[in-house]
Amino acid sequence: MSFLEVSNLDIKYLTRKETIEASKDVTFTLERGEILGIVGESGSGKSTVANAIINLIDKPGKITNGSIRLDDIECCQNENIIQTIRGKKIGFVFQDPQTSLNPLFRIKDQLVETIQTHLKLSTEEAIRRSVNLLREVGIENPEKRINEYPHQFSGGMRQRVVIALAISCEPDLIIADEPTTALDVSIQFQILKLLKDLTVQRNLGVIIITHDMGVIAETTDKVVVMRYGKIVEQGKTLNILTNPQSNECKSLVMSVPPTNKKIDRFKLISPEGKEISENSTNLTNNIIKNWGARESSNEQLLKFENITKIFDEGSVILSSKKTDKLKALDDVSFNIFEGESFGLVGESGSGKSTIAKIITSLVKPTSGEVYFENISLHDPKNRKIKYKYRGQIQMIFQDPYSSLNPRFKVKDIIAEPIKFFQKNINSNEIQSNVYDLIDIVGMTRQSLDRYPHEFSGGQRQRISIARALATRPRLLICDEPTSALDVSIQAQVLNLLKDLQDELNLTILFISHDLPVIRQMCDRITVLKNGKVCEINETEKLFNNPTHEYTKELIHLMPKIESIL
């Protein structure tokens with residue numbers, strides 16, 4: 001008898017229009033001391049199966065058949081049993097830490113409540129345990145930070161708090177749904193090492209749901225590959241990754257960005273097993289004809305000079321203590337040449353997104369200056385001149401869902417910046433531009449009459465790219481544009497960005513904590529830590545011969561699928 005047995009699990013969502021089968025005859029087992037990886041594209045049913053184990057299927061979803069046994073106890077749809085073991089025997093790490101934590105309660109209150117619900121500890125003992133848990137998951141100064149609220153933590157820090165909550169009551173089974181999506185490689189390494197150590201030390205069973213095949217390669221003992229609610233392949237990790245049998249698994253393995261070399265394009269495989277030759281060159285012909293071809297000058301386009309950013313420096317309620325001031329950037333300098341891809345790498349809190357906000361004038365620097373075509377972007381004297389450059393700098397955000405207006409149709413989302421920056425354009429020209437843009441990102445014109453919630457994550461990111469291109473930008477800032485996407489969808493979006501850069505002579509500032517993606521996308525890279533520049537170098541020189549100790553550590557710690565291939 002296995003520690004966890006999922007047998008013939010069927011889950012259906014009964015709606016007025018149709019019945020959606022989210023899980024079909026799913027069967028797998030997990031032993032104590034084992035780590036199981038569940039992989040697949042968005043909508044494959046990974047998270048649905050995980051939620052079913054702790055009976056968290058939202059209505060109108062329903063388990064229509066199957067069995068879920070934990071330590072020979074039937075848990076399937078047994079709410080009384082689940083209430084006693086959820087949190088104590090089963091710990092769950094959800095994908096979005098922002099929605100997993102109560103914004104009205106301090107971290108201390110949430111940890112203490114969870115611990116005292118399942119363990120007979122006094123408040124003082126629960127607080128001491130909470131501080132140790134935060135320290136264990138890599139949060140510095142836990143004695144102070146335990147009294148803060150979730151909004152005071154970065155995305156990566158919030159994920160660490162969620163993991164601390166999941167392991168707080170020493171569960172026997174941990175289910176981690178995309179536990180490292182928002183984490184940089186150093187913290188990802190700590191979290192995965194923590195999960196592996198707990199598995200060995202406490203003889204746990206662990207299920208990791210992820211689209212990161214590097215994590216699968218370095219962490220799991222066996223893998224389940226899902227597509228459209230069905231298991232298409234399962235077995236030992238080494239066998240699955242070195243000799244995949246299904247087209248779905250071959251596609252996932254081929255779409256992984258290699259860590260040991262730079263490639264021109266990512267290979268894509270169709271469901272029929274044929275290699276897809278996807279190229280947007282023919283799609284850009286119309287847009288180049290309408291806009292005019294832009295020649296790349298290879299001259300300096302943007303200069304980021306001696307920028308320091310201290311948050312809350314002018315607050316009237318701020319204490320006079322220096323420790324209360326957060327120095328997000330400390331004398332940061334770099335330049336970007338027209339036509340190149342420039343990468344920013346660093347862990348959470350290193351200042352990457354602050355740099356993007358300063359370039360786009362969403363945040364003002366405390367000192368220093370940003371020059372775009374030798375025009376100062378933050379000098380009050382250049383306010384009128386700066387206006388014409390606003391459309392030439394555009395940004396693709398990390399979360400496409402929250403960056404798109406849910407009340408606008410796609411055609412209105414793309415048309416809005418066109419109307420704003422081209423005052424004299426008529427409706428026919430707007431429609432023509434919108435058609436060109438939706439064509440160039442590889443989506444159908446019929447999708448223009450739909451709303452953002454009707455699309456997958458990868459499709460929403462394509463819509464975000466179309467909107468960013470609507471102003472005919474010269475500099476495109478990509479802030480973690482693929483971190484929430486499956487590897488196969490990520491490969492499509494990255495190929496699209498490569499094609500757009502080549503055809504439209506775009507300059508790209510690519511921000512990511514995913515080093516393999518940065519290697520494939522960038523010509524030069526800046527490595528940041530605690531708001532300071534550690535190293536700036538050409539991509540291949542940086543990966544093959546890093547000079548700074550922190551850069552060496554990042555490259556050493558990144559998950560490598562090649563380690564077992």
Side-chain angles (χ1 to χ4, degrees), residues 32-35 86-98 100-102 105-150 152-210 215 218-220 347-349 513 529-530 553-554 556-557 559:
R32 286 184 180 273
E34 230 177 22
I35 300 178
R86 187 192 294 145
K88 183 176 182 180
K89 201 173 180 66
I90 304 176
F92 205 108
V93 180
F94 292 94
Q95 182 172 357
D96 184 4
Q98 179 80 353
S100 303
L101 299 170
N102 191 323
F105 289 92
R106 293 177 298 174
I107 299 302
K108 178 176 73 175
D109 301 327
Q110 300 185 56
L111 279 165
V112 168
E113 181 187 21
T114 302
I115 291 169
Q116 289 189 316
T117 299
H118 298 290
L119 301 177
K120 295 179 180 179
L121 295 177
S122 66
T123 301
E124 291 76 15
E125 290 171 327
I127 291 173
R128 281 198 298 271
R129 184 181 184 87
S130 299
V131 170
N132 290 332
L133 283 165
L134 293 182
R135 184 178 292 110
E136 191 175 5
V137 296
I139 293 179
E140 295 180 2
N141 198 7
E143 292 85 0
K144 177 188 175 185
R145 303 223 66 183
I146 197 172
N147 292 304
E148 295 179 354
Y149 291 86
Q152 294 175 278
F153 289 76
S154 68
M157 292 290 186
R158 282 195 292 266
Q159 189 66 293
R160 293 181 231 183
V161 173
V162 171
I163 292 171
L165 276 165
I167 65 175
S168 61
C169 298
E170 300 182 353
D172 295 322
L173 171 65
I174 293 178
I175 303 173
D177 190 355
E178 301 279 9
T180 59
T181 296
L183 304 182
D184 45 82
V185 287
S186 56
I187 304 306
Q188 176 177 267
F189 176 81
Q190 293 176 24
I191 296 302
L192 294 176
K193 184 177 184 301
L194 175 62
L195 288 174
K196 287 192 284 187
D197 290 345
L198 287 169
T199 304
V200 174
Q201 294 166 7
R202 301 192 58 250
N203 204 25
L204 293 176
V206 176
I207 297 175
I208 293 181
I209 300 167
T210 183
V215 170
E218 294 203 339
T219 308
T220 63
E347 60 188 33
S348 298
H513 60 253
K529 184 178 184 183
N530 298 330
E553 180 188 8
L554 288 179
H556 172 70
L557 294 179

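Numbers for residues simply follow the sequence, beginning at 1. The figures that follow rest on heavy atoms only: side chains count, while hydrogens, waters and symmetry mates do not.
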Grab the two heavy atoms, one from [X] and one from [Y], that are nearest each other, plus how far apart they are.
X: Glu136; Y: Ile167; answer: OE1-CD1, 4.3 Å
X: Thr114; Y: Ser168; answer: CG2-OG, 3.6 Å
X: Gln110; Y: Phe105; answer: NE2-O, 3.0 Å
X: Ala164; Y: Leu133; answer: O-CD1, 3.9 Å
X: Ser100; Y: Val162; answer: CB-CG2, 3.9 Å
X: Pro171; Y: Ala166; answer: CG-O, 3.5 Å

Check: [Y] and [X] side chains under 4.5 Å, non-hydrogen atoms:
X: Ile115; Y: Leu121; value: yes
X: His513; Y: Leu554; value: no
X: Thr219; Y: Val206; value: no
X: Leu101; Y: Leu165; value: yes

Subject >> Test side-chain hydrogen bond (donor to acceptor under 3.5 Å, both in side chains) applied to Asn132 and Arg135, step by step >> reply: CA-CA 5 Å; Asn132 290 332; Arg135 184 178 292 110; 3.1 Å; yes
Atom pair [atom1]/[atom2] of [X] and [Y] - distance to nearest 0.5 Å:
X: Ser130; Y: Gln116; atom1: OG; atom2: CD; answer: 8.5 Å
X: Leu111; Y: Cys169; atom1: CG; atom2: SG; answer: 9.5 Å
X: Phe189; Y: His556; atom1: CZ; atom2: NE2; answer: 6.0 Å
X: Thr199; Y: Lys196; atom1: OG1; atom2: NZ; answer: 9.5 Å
X: Arg158; Y: Ile107; atom1: CZ; atom2: CD1; answer: 9.0 Å
X: Asp177; Y: Ile209; atom1: CG; atom2: CD1; answer: 4.0 Å

Original post:
With the threshold set at 4.0 Å, does a side-chain nitrogen-carboxylate oxygen contact exist between Arg129 and Glu170?
Top reply: yes
Original post:
Is Glu140 paired with Arg145 through a side-chain N to carboxylate O contact shorter than 4.0 Å?
Top reply: no
**OP:** For Phe92, enumerate each residue passing the ring-ring contact (aromatic ring centres under 6.0 Å, His included) test, keeping only those at least two apart in sequence or located in another chain.
**Re:** Phe94
Original post:
What pairs meet the salt bridge (Lys or Arg N to Asp or Glu O under 4.0 Å) rule with one or both residues in residues 107-121, with sequence neighbours excluded?
Top reply: Arg106-Asp109
